[in-house]
Amino acid sequence: MNHPNEKAVSQAGVSLWINGRAQVSTSTRVGEVTNPATGEVVRRVSFANAADIDAAVSAASAALPAWRDAPPLRRARVMQKFLAIMQANQKELAQLTSEEHGKTLPDALGSVQRGIEVIEFACGVPHLLKGEYTGNAGTGVDCHTLRQAVGVCAGITPFNFPAMVPLWMFPVSIACGNTFILKPSEKVPSTSMRMAELFKEAGLPDGVFNVVHGDKEAVEAILNHPGVHAVSFVGSTPIAKYIYETCARNGKRVQALGGAKNHAVVLPDADLEFTADALIGAAYGSAGERCMAISAVVAVGAIGDPLVKMLADKAAKIKVGAGDAEGVEMGPLVTMAHRDKVEGYVNIGVAEGAKLVLDGRNKKVPGHEDGFFIGTTLFDQVKSDMKIYKDEIFGPVLVVLRADTLEEAIALVNANPYGNGTAIFTNSGGAARRFEEEIQVGMVGVNVPIPVPMAFYSFGGWKASLFGDLHMHGMEGVKFYTRTKVVTTRWPHADTPTAGLNMPTLG
Ligand code: NAD
């Protein structure tokens, strides 16, 4: 730890945040952070090694007893100050998000807002931590439950929501009395550092919230550190599975959210224009780099042809450019490598025989020739055995499949290994109800294309989109970040029966 007290984010670089201070890693490994709209390296980020992770765990462990033992109301008051400071700095956080991720400023602002709503939820922690009580559970015996902090928690997050996904985790964890180590994506490190500074400004004691950066080396050090008790992860499915397995082997509590292929089923009775507008926003917003993006449309029956035509017309009009430019609706992809991968999928789709209705390859944005752009892309007549359907592309590529009936559409969605989000578009209450009942997906929209639950509900998918049991934020988040203790109490007096050798039955 060389330079305490330096700024968390400067033009020169992004440091680690340990024990309430910006610190530089003892490792010489750094990552380059690019502005995807210009292709320029905007800053470098210190990569943490095992010694840095150990320092973060030591700081979080030292801060734990006092923070855990503080009354929930005192912790809630820090959250309330944090809420106000985050609201006041929402624009700056959105600018940092947009600069490093590429998404448009209004979209970034919305995502920061959705994250701030989790802080709002966490402000209610005294209520959320209330336990259960049964008087006279047995003769002269009472029972109650306590929800207690798990300990030192860690969060490992993806590039696509630099503020929102970390905010799904750490406000709830910290409000519940835990201390936290966040390892954000090394592609977008600055927003987390700024949030750490703002949390300190709100009065959070040093060591309660720490931020480390890096890649596999930092993650492995977290997963293998005996001082870390719980790990929350959001990212791609192969890494989610590996995180889940490693944590389970190491005896840690774990929730690992993975990738997605989200379907929208459009029935013949759906309102065509309303549906097309909803799908355009859900498929191409944030350049398709959302875990809840609609990436596959299942058009049922006669609506297929007019829907594809309308989608193509609307998608072709989307203005692509730098995320901070006026009037731009879709920004670049996060890195050149990711842009090339997405373009590669378009080549694969053509080779597989899908009908390329709109081709976004070789997109050039004047004045931003080195940016990582790709235009809106639409495939029709896609089959379920094609790679462009089976893989998560994570770019502005929408594929349309055709089905004859609602049953066929439901079977198609349920056969997909992912189960994050889905939506049905229809005017039939009966069809919507059936879809809601039968679909094997964690988050379902009825005429709502991106059904991201509000902070007071929980976010999480099924199948290959979630390894673990509990979803994030809402009451499932509170459950994940607390351990339940059941206390059985008896106060002896003259007529209390004495304990015998048999199994007590409390009757
Ligand atoms: P990613 O899996 O590549 O990275 C996620 C995190 O894991 C990052 O912090 C990264 O540094 C770390 N990581 C990467 N490779 C690793 C390795 N080999 N060992 C250990 N750690 C490693 O994901 P990404 O590209 O940053 O984000 C996009 C993915 O995240 C998409 O698949 C998307 O669907 C998914 N995602 C899911 C949700 C959800 O709620 N289910 C939300 C957002 C994003």
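Note that ligands are numbered from 1 as they come in the structure, with each ligand's atoms numbered from 1 the same way.
For the pair Asp107 and Arg290, the salt-bridge criterion is met [side-chain N within less than 4.0 Å of a carboxylate O]. Between Glu476 and Lys479 no salt bridge is recorded (no basic side-chain N to carboxylate O distance below 4.0 Å). For Glu352 and Lys383, the salt-bridge test fails: no basic side-chain N is under 4.0 Å from an acidic carboxylate O.
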Identify the protein atoms, limited to N or O, that lie within less than 3.5 Å of an N or O atom of ligand 1, and list each pair with its distance to 0.1 Å.
residue	atom	partner	partner atom	Å
ligand 1	2 (O)	Ser236	N	2.9
ligand 1	2 (O)	Ser236	OG	2.6
ligand 1	9 (O)	Thr157	O	2.8
ligand 1	9 (O)	Lys183	NZ	2.8
ligand 1	11 (O)	Lys183	NZ	2.7
ligand 1	11 (O)	Glu186	OE1	2.7
ligand 1	26 (O)	Phe159	N	3.0
ligand 1	30 (O)	Gly235	O	3.3
ligand 1	32 (O)	Glu392	OE1	2.6
ligand 1	34 (O)	Glu392	OE2	2.6
ligand 1	41 (N)	Gly258	O	2.8

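When the shell of 6.0 Å around NZ of Lys341 is examined, it contains 12 or fewer heavy atoms from other residues, nucleotides or ligands.
Applying the side chain to side chain contact (heavy atoms under 4.5 Å, CB included) rule to Asp340 yields the partners Met336; only residues at least two apart in sequence or on another chain are considered.
Screening Ile18, Val152, Val211, Ile53 for a side-chain contact (heavy atoms from CB on, under 4.5 Å) with Ile181, the sole residue that qualifies is Val152.
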